[in-house]
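The structure appears right after this line, and notes come after that.
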Amino acid sequence: MRESVTPELEARPAEKAAVNVDERHVKGYVIGAGVVLGVMSFAADVAPDPIGHIIQAVFSTAAAWCSLAVIAGYMCVRRRSSSLAATGLLLLATLTYYSTVALSGVRAGGYEATQTSAGPVFSSPSWIEELGSMARGVGFWAAASVLAGVVMGQLGFAIRNSSALLQTAAVGVTFGIVAGPGVNALLFVARVGVNTTTSEQILPAICQIVLACIILIGAAALKAKRINWAVLTLMSLTSTAAVAGLWEMVGGIRGAL
């Protein structure tokens, strides 16, 4: 007698044939991608321009982190494993980044400016202030990694294993999550104008939108016979607008840290 297997425990045979990845490969990908993201995000902070600017655009953006988390979810054949893999990747990247900051001696709290009659005078924060700044950063981004990991992992799983309608919706939402921060940055530049500060946001924003388009085209090509183009367009536009607005709120929270 054939043993019954629930859809959640076993992916569709066609999809398993398309991407046959065992757990060891998933773990290797999660560890490798997490460490690379963390180290390269730190490198973006300390490397001189224009090298640091280029590294930031490629590695240290929400699009890069979320895209690799989606891939981690896509690689898994079990729903729970998808969220665990994506969350583990983002948490490892976050901890690697802050560990590298701590070990390198780079001040996480930056420098404080005090206005005087002769102009601003910059002073470094005390180690207690610096430790507090790092702790707040780790706490915020660890929480964000857990939330984003669950979402991105499930999106990756849905793109691979769900019905045609859910696959289409998952691709559209993924596009919005990846492109939204870039759209928000470009809208900010358009609102305040191009200057020394805002000009540094243009290249990373464009890279995020391009990456989202690559994901959209790639997923659509793989699932061409299953894509509902009307749903894909609707989900892509609405999720991009929603994430762009959400990223405005995230920026305010980050500024408070």
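Keep in mind that the numbers below use all heavy atoms, side chains included, and drop hydrogens, waters and symmetry copies.
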Go through the structure and list residues passing side-chain hydrogen bond (donor to acceptor under 3.5 Å, both in side chains) with [X], not counting sequence neighbours.
X: Asp45; result: Tyr97
X: Thr94; result: Ser145
X: Gln154; result: Arg79, Ser83

[X] side-chain N/O to [Y] backbone N/O, donor-acceptor pair under 3.5 Å:
X: Ser41; Y: Gly38; value: no
X: Ser239; Y: Ser236; value: yes
X: Tyr29; Y: Leu68; value: yes
X: Gln208; Y: Ala63; value: yes
X: Ser81; Y: Val77; value: no

Counterpart residues, side chain to side chain contact (heavy atoms under 4.5 Å, CB included), relative to [X] (two or more places apart):
X: Ile51; value: Ala47, Ile55
X: Leu92; value: Ile31, Val35, Thr96
X: Ala85; value: Val26, Val30, Ala72, Cys76
X: Leu203; value: His53, Ala57, Cys207

With a 4.5 Å cut-off on side-chain heavy-atom distances among I, L, V, M, F, W and Y, is there a chain of contacts connecting [X] to [Y]?
X: Leu232; Y: Val70; answer: yes
X: Leu187; Y: Leu237; answer: no
X: Ile215; Y: Val151; answer: no
X: Val171; Y: Trp229; answer: yes
X: Tyr98; Y: Phe42; answer: yes

Taking salt bridge (charged side-chain N to carboxylate O under 4.0 Å, His left out) as the cut-off, I'd like each qualifying pair that reaches into [range], sequence neighbours left out, listed once.
range: residues 148-159; answer: none
range: residues 184-206; answer: Arg191-Glu248
range: residues 81-93; answer: none

**Item:** For Leu84, the rest of its hydrophobic cluster, which grows through side-chain links under 4.5 angstrom
**Value:**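 None; Leu84 is a cluster of one.
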Residues 172-180 side chain polar contacts: donor-acceptor under 3.5 Å, at least two apart:
unit_1, atom_1, unit_2, atom_2, d
Thr174, OG1, Ala170, O, 2.7

Closest heavy-atom pair and its distance - [X], [Y]:
X: Ala185; Y: Ala205; value: CB-CB, 3.8 Å
X: Leu91; Y: Ala142; value: CD2-O, 3.6 Å
X: Phe157; Y: Arg78; value: CE1-C, 3.5 Å
X: Val183; Y: Ala244; value: CG1-CB, 4.4 Å
X: Ala69; Y: Met152; value: CB-CB, 3.8 Å

**Request:** Evaluate the side-chain proximity of Leu211 to Thr61: yes if any heavy-atom separation is below 4.5 Å, no if none is.
**Result:**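 No - every pair of side-chain heavy atoms lies 4.5 Å or more apart.
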**Request:** For the pair Phe59 and Trp65, evaluate side chain to side chain contact (heavy atoms under 4.5 Å, CB included) and give the outcome as yes or no after the intermediate values.
**Result:** CA-CA 7 Å; Phe59 293 99; Trp65 287 47; 5.8 Å; no
**Rounded distance [0.5 Å steps], OG1 in Thr168 versus CD1 in Ile227** =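 Between Thr168 OG1 and Ile227 CD1, I get 4.0 Å after rounding to 0.5 Å.
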